[in-house]
Amino acid sequence: MRVSVQISRGIESLFGTHDENIRLLESGLKISTQLLDDCIELEGAEADVARAESILEDYNALVKEGHIFGNGDLNSYLRVVTEDPEVSLRGLVVSGRQRNFGKKIIVPKTINQRRYLEAIERNDLVIGVGPAGTGKTYLAVAMGISALLSKRISRIILTRPAVEAGERLGFLPGTLQEKVDPYLRPLYDALYDMLEMEKVEKLLERGIIEVAPIAFMRGRTLNDSFIIVDEAQNSTPEQMKMVLTRQGLNSKMVVNGDVTQIDLPLGKRSGLLHAEEVLRGVEGIRFVYFDERDVVRHTLVQRIVKAYEKYEANEAGRQLTLKLGDYAGDRVREGEDGAIVAPSA
């Protein structure tokens, strides 16, 4: 099937840097495109072409209405709409305007980010697991700000393990707050990105927003609160159980972590991994998993995450092969390119 869609304006934004947006549309929908004067010709299976035509018509309408796509925004939207046929480009863009995130308009840029926001809206406890840069903390803080500004909750609690699970901070100079603040800085950064600095300072002074290490949560019951537990992979099972049981009436809790970046001392088990086993299938709790496709930082970060995963998988396989060779009494060797080479007969 072949269809032409007229593009009257915004052609540069549509194609993106090095035509990355059009290439994404082609690969995501299994179609081919060709630019002809002021229109784009689409060719492929009928359903795929119809889907691409719908996306481009939404793009045309949004641009005519004055919507300006920021750097990389359209690429992020296209990732979602090409993977999820139930999502329209217009619906995805407009949905970001329906929530008050302070001075920010935030739209989920991947399918898993969309699932994450929906999970937070519908569940009282959400656990997000995935690599750095996938927006876990940022989106959780945004949802907390939205709930606070709409007066659905009365305070936001942001917490994370400080330094390590043991929280041995005594050797650092300054007061206890001065010792832990550097380790809570990412949470402050997200707050300042969504609210004016003066407003954040005022909310912190009044205790409406509280940023503290997990140790400060012990013995408390947090009612009418939006609680965010960040870097949860560096909590112990005891700490995780303690913080999970702090949730009070009319409260939501979001727990985030990256199980590939556990900094606990040797022999200490991650509370996040333990919680995955214990809480699997418990009603009212939703797990959302992110991967390298959800990284919304510099595009290079996606490739870095993927490269590390590939390297670690190869290294695990190499170590296993060496051990099996030793066990069999038949030593294997490593070739010049790092490949495992079995000895010749």
Side-chain angles (χ1 to χ4, degrees), residues 1-99 101 104-118 131 133-135 138-139 290-307 310:
M1 181 179 179
R2 183 179 297 175
V3 170
S4 293
V5 179
Q6 190 168 359
I7 305 293
S8 56
R9 62 180 84 167
I11 196 74
E12 299 84 2
S13 174
L14 174 61
F15 273 73
T17 307
H18 304 302
D19 298 343
E20 62 180 357
N21 294 341
I22 288 297
R23 290 205 307 270
L24 176 59
L25 200 63
E26 289 178 332
S27 61
L29 297 178
K30 306 294 189 299
I31 62 170
S32 61
T33 68
Q34 186 176 358
L35 180 62
L36 302 171
D37 296 329
D38 61 347
C39 70
I40 293 179
E41 188 176 83
L42 311 173
E43 187 172 358
E46 183 176 355
D48 296 331
V49 169
R51 176 69 173 151
E53 185 180 14
S54 173
I55 292 169
L56 292 179
E57 286 174 350
D58 276 354
Y59 174 81
N60 271 336
L62 288 164
V63 171
K64 286 178 182 177
E65 291 165 14
H67 184 86
I68 298 173
F69 291 93
N71 184 33
D73 283 350
L74 183 58
N75 188 267
S76 299
Y77 296 145
L78 290 176
R79 289 179 186 277
V80 177
V81 297
T82 55
E83 291 183 29
D84 190 341
E86 296 182 1
V87 181
S88 69
L89 179 60
R90 169 175 285 280
L92 192 60
V93 172
V94 172
S95 67
R97 299 173 184 160
Q98 294 173 352
R99 297 190 189 98
F101 293 113
K104 281 282 186 179
I105 294 175
I106 298 171
V107 179
K109 296 182 177 179
T110 72
I111 287 179
N112 286 328
Q113 284 192 353
R114 181 167 166 261
R115 289 170 179 159
Y116 182 61
L117 292 183
E118 289 175 353
T134 51
Y138 193 85
L139 292 173
F290 299 83
D291 56 36
E292 76 279 351
R293 292 172 298 178
D294 301 301
V295 173
V296 291
R297 292 178 181 172
H298 194 290
T299 52
L300 186 60
V301 176
Q302 287 184 330
R303 296 197 287 271
I304 290 171
V305 170
K306 201 166 187 177
K310 182 179 179 181

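Owing to the predicted nature of the structure, the values given are computational and were not obtained by experimental measurement. Residue numbers count from 1 along this sequence.
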Contact check, side chains of Y116 and T134, non-hydrogen atoms, under 4.5 Å: no
I22 side chain reached by L35 side chain, heavy atoms, under 4.5 Å: no
Interatomic distance, H67 atom NE2 to R90 atom CZ [nearest 0.5 angstrom]: 10.0 Å
Polar contact flag, side-chain donor to acceptor under 3.5 angstrom, T110-D294: yes
Identify each donor-acceptor pair in which a side-chain atom of residues 41-48 lies under 3.5 Å from a protein atom, sequence neighbours left out, and give them as a table.
from, atom 1, to, atom 2, distance (Å)
E43, OE1, R2, NH2, 3.3
E43, OE2, R2, NH2, 3.4

Spacing of CG belonging to L78 relative to CD1 belonging to I55, to within rounding of 0.5 Å: 6.5 Å
Heavy atoms from other residues, nucleotides or ligands near CD1 of I68 exceed 12 (cutoff 6.0 Å): no
Exercise: identify the closest heavy-atom pair between R115 and N112: NH1-OD1, 3.1 Å
Distance (rounded to the nearest 0.5 Å) between R114 CZ and L139 CG: 13.5 Å
E292/K310 salt bridge by N-O under 4.0 Å criterion: no
Under the side chain to side chain donor-acceptor pair (under 3.5 Å) test, residues paired with T33 that sit two or more places apart: E26
Heavy-atom closest contact (L89 atom, D58 atom, distance): N-OD2, 3.5 Å
Least distance between heavy atoms, A52 atom then I31 atom: CB-CD1, 3.5 Å
Shortest non-hydrogen separation from I111 to V80 and the atoms involved: N-CG2, 3.7 Å
Contact check, side chains of Q113 and R79, non-hydrogen atoms, under 4.5 Å: no
Interatomic spacing from CD in Q34 to SG in C39 - rounded to 0.5 Å: 9.5 Å
L14 to Y59 - nearest heavy-atom pair and separation: N-OH, 3.3 Å
Validation row: F69, N75 side chains within 4.5 angstrom (heavy atoms): no
Atom pair CZ/CG of F15 and L25 - distance to nearest 0.5 Å: 10.0 Å
V49 versus M1, closest heavy-atom pair with distance: CG2-O, 3.7 Å
